Amino acid sequence: MRQLELLAPAKNLECGIAAIDHGADAVYIGAQRFGARAAAGNRVEDIRQLCDYAHPYGVKVYVTVNTIIYDDELEATEQLIRQLAEAGVDAILVQDMAVLSLTSHLSPLTSHLSLHASTQTDNRTAEKVKWLAGLGFRRVVLARELSVDEIAEIHRQVPDVELEVFVHGALCVSYSGLCYASEYCFHRSANRGSCAQFCRMKFDLLDADGREIEHQRHLLSLKDMNQSDHLEALIEAGATSFKIEGRLKDVSYVKNVVAAYSQRLDAFIACHADAYCRASKGHCTYTFTPNLNKTFNRGFTTYFLHGRQPDIFSPDTPKAMGEYVGYVKEMRRDSFNVAGTASFANGDGLCFINQERELEGFRVNRAEGNRLYPQQIPQHLHAGLALYRNNDQEFERLLGRKSSERKIPIAIRMETATNGFSISANGLVVSVLCERQMAQKPQHENIRRQLSKLGGTIYECTEVTFPDEFPYFVPNSVLSELRRQLIEAFGAGGDDRSVEKNPRVQSQNCPQDYPYPYLYNIANQQARAFYGVQELSAYELKGGDGPLMQCRHCLRYALGGCVKHGGRKNLWREPLYLRLGDGRRFRLDFDCVNCQMNVYAAD
């Protein structure tokens, strides 16, 4: 039976608990330091509380320790890993190979900690995954850019490694771990958790003669990933963990997206119950209908899941447009009418793309059916414009309340025991000593009612069964004691974390995927010794003359100039350049052999 894991983001303890309540099989969260989202740090005590909440459901907690680490931070990193192990964390996500020696040094305290190779280690080939497995990584988080066929080939060559794939959320335009644009431009390192989102900025696109091809557009800003309709393909390719991006997202995002994907996984498993199961326990009931279109998104793409696709980027805006709700039918002085089937509420946030190809938003002050009254009519709004809703007040109200309940179903068996009675469920047996008395009238219904009173716990009783002959009277006090003991027994045995199986070793065999020294991201002496190189090479420490970004997104293709994929012959002279508003330029290099666009500093 193959287990499938829905992996959810947690900005904080509240989001982590919400993810579990709405169907996550695992949660990933950042500690106060050394996570790839510096703005999403959490106290170890909060992480401990999350583990305590998660483990009775069989839900696992992973912590991101996936920045590159400087020499003066190694001691603090080791201390953090010690604290995380003591808190009950199930795995840590790693980019810097110095962490391997730190976890080994802390053994056996860290023996239960699995190591996951973060996507920042640039995991796009079977050779790289095989190399990481040899180091003791149980799981590898694959690059977002891979197709389903590439994932299947990695699984075929390295079948014993868990493969984690991103299925939803924001996309980095560069292969993760190989983006240095933020550090180059703003001294904020993406590999240190401080990305300034260079890829969401506006650029001019110039040709070699300085001719402007595109003016002030978000040419590197990708749409958001959405693989909700393609989980079966990913499962068949060999992926076992399905990761939702969003450690900076709020609790409403977590609730809605986790619920939507949990339902999709459950539907798949219901059709393949003999081969697949969820990686955790319990089922959820919701007070709302999940709808991915109602949660923050920049428009959706399947990215490269089925090969190179057009329209994967969002050049007009890096902001959320939300769901399409209709078009402006008729304008009046203080209101307008919307043609469409959507219903509206006071306070809804709407937006549109104006004639300057800019996103313009406004809030609905009053809604009367499809006639909407903004506080002020937007200057560029006119009949015929498509409207999108990026804030649905009614939906947010539903998510702002308790919106899900997760229960673990148990079937209870009532029987006699030596000098008393016993009940059993899910392999656990508890008993009470008491005198057995024959009942003067049937007791089964009362026993069922009393044993089913599991309110306030994470369990729900699906049935109570008896032997063919059970003619006894059982006092309610005895039934309450049996029920209490059973719940306590479940709590004592609820932490079923797996134990690390792979030996952790160090290797001097550097991966062959890295053609330039700084792309090793070596920032400390332990990592230097691990790779067997003579000096530190991280871009953050020494800079470099290689690419600032390696992207599968290709502007030549996006603008219709890729002859390899049926485009027209270029009407411009290369090389092409991106230019920021402050005048800084970046040269584009098109590596057609690897179907990749590299971005270099030009000035």
Side-chain angles (χ1 to χ4, degrees), residues 145 171-191 195-223 298 301 303-304 308-319 356-359 515-519 539-540 542-603:
E145 291 82 357
L171 288 165
C172 298
V173 72
S174 177
Y175 283 97
S176 290
L178 303 182
C179 182
Y180 307 96
S182 178
E183 170 67 23
Y184 172 80
C185 290
F186 310 108
H187 306 294
R188 289 175 54 182
S189 168
N191 283 318
C195 177
Q197 295 197 311
F198 172 88
C199 59
R200 303 295 181 190
M201 295 180 174
K202 285 183 177 180
F203 299 93
D204 299 322
L205 181 65
L206 311 174
D207 71 2
D209 298 321
R211 183 168 64 93
E212 192 172 89
I213 301 167
E214 294 283 346
H215 177 70
Q216 288 296 283
R217 303 197 75 196
H218 302 275
L219 297 172
L220 298 180
S221 182
L222 300 179
K223 293 181 177 180
R298 301 174 177 89
T301 176
Y303 209 25
F304 292 93
R308 187 172 289 281
Q309 304 291 324
D311 198 28
I312 67 172
F313 71 140
S314 179
D316 292 328
T317 178
K319 299 178 181 178
E356 301 298 323
R357 294 194 297 194
E358 297 273 357
L359 185 71
Y516 303 100
Y518 71 85
L519 297 179
Y539 188 91
E540 290 78 1
K542 300 191 63 175
D545 57 3
L548 297 176
M549 287 180 160
Q550 296 183 30
C551 312
R552 208 163 192 176
H553 167 52
C554 175
L555 283 173
R556 182 195 278 174
Y557 172 84
L559 298 175
C562 177
V563 178
K564 181 178 178 180
H565 286 91
R568 66 185 182 279
K569 186 176 180 180
N570 297 336
L571 301 178
W572 53 75
R573 193 166 71 87
E574 295 186 1
L576 300 182
Y577 295 87
L578 293 173
R579 182 174 63 192
L580 278 173
D582 63 8
R584 282 181 289 183
R585 298 191 311 156
F586 304 88
R587 178 172 58 84
L588 303 182
D589 171 70
F590 299 102
D591 178 359
C592 295
V593 173
N594 295 305
C595 211
Q596 179 172 301
M597 180 180 76
N598 297 322
V599 181
Y600 290 81
D603 299 324

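Predicted model, so just to flag it, every value in this text is computed and none were measured.
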[X] and [Y]: which non-hydrogen atoms are nearest, and at how many Å?
{"X": "Q596", "Y": "N598", "result": "NE2-OD1, 2.8 Å"}
{"X": "N191", "Y": "E540", "result": "CB-OE2, 3.6 Å"}
{"X": "M597", "Y": "L555", "result": "SD-N, 3.5 Å"}
{"X": "H553", "Y": "A558", "result": "CE1-CB, 4.2 Å"}
{"X": "L559", "Y": "W572", "result": "CB-CH2, 4.2 Å"}
{"X": "Y518", "Y": "D545", "result": "CE2-N, 4.3 Å"}

Kindly compute the distance separating [atom1] ([X]) from [atom2] ([Y]), expressed to the nearest 0.5 Å.
{"X": "H215", "Y": "E356", "atom1": "NE2", "atom2": "CD", "answer": "9.0 Å"}
{"X": "Q216", "Y": "L580", "atom1": "CD", "atom2": "CG", "answer": "8.5 Å"}
{"X": "E574", "Y": "R587", "atom1": "CD", "atom2": "CZ", "answer": "11.0 Å"}
{"X": "F186", "Y": "M201", "atom1": "CZ", "atom2": "CE", "answer": "3.5 Å"}
{"X": "L205", "Y": "Y577", "atom1": "CG", "atom2": "OH", "answer": "11.5 Å"}
{"X": "I213", "Y": "L206", "atom1": "CD1", "atom2": "CG", "answer": "7.5 Å"}

> Where do L588 and L578 land on the side chain to side chain contact (heavy atoms under 4.5 Å, CB included) test, with the steps shown first?
Replying inline: CA-CA 7 Å; L588 303 182; L578 293 173; 3.9 Å; yes

Whether the side chain of [X] engages the backbone of [Y] through a donor-acceptor N/O pair (distance < 3.5 Å, no angle test) should be reported.
{"X": "R552", "Y": "E145", "result": "yes"}
{"X": "K564", "Y": "C592", "result": "yes"}
{"X": "S314", "Y": "S221", "result": "no"}
{"X": "R308", "Y": "H565", "result": "no"}

What I'd like to find out is whether the side chain of [X] reaches to under 4.5 Å of the side chain of [Y], using heavy atoms alone.
{"X": "H218", "Y": "R298", "value": "no"}
{"X": "R217", "Y": "D316", "value": "yes"}
{"X": "Y180", "Y": "L519", "value": "yes"}
{"X": "T301", "Y": "L222", "value": "no"}
{"X": "F313", "Y": "V173", "value": "no"}
{"X": "Y303", "Y": "Q309", "value": "no"}
{"X": "M549", "Y": "L178", "value": "no"}
{"X": "F590", "Y": "P575", "value": "no"}

> What do you reckon, are the aromatic ring centroids of F198 and F203 less than 6.0 Å apart?
Replying inline: yes

> Taking it one step at a time, do K223 and D311 satisfy side chain to side chain contact (heavy atoms under 4.5 Å, CB included)?
Replying inline: CA-CA 9 Å; K223 293 181 177 180; D311 198 28; 2.9 Å; yes

>> Less than 4.0 angstrom from a charged side-chain N to a carboxylate O is my criterion; do D209 and R211 meet it?
In response: no

>> Under the criterion side chain to side chain contact (heavy atoms under 4.5 Å, CB included), I'd like the reasoning laid out for C595 against F304: C-alpha separation, chi angles, the key distance, then a yes or no.
In response: CA-CA 12 Å; C595 211; F304 292 93; over 6 Å; no

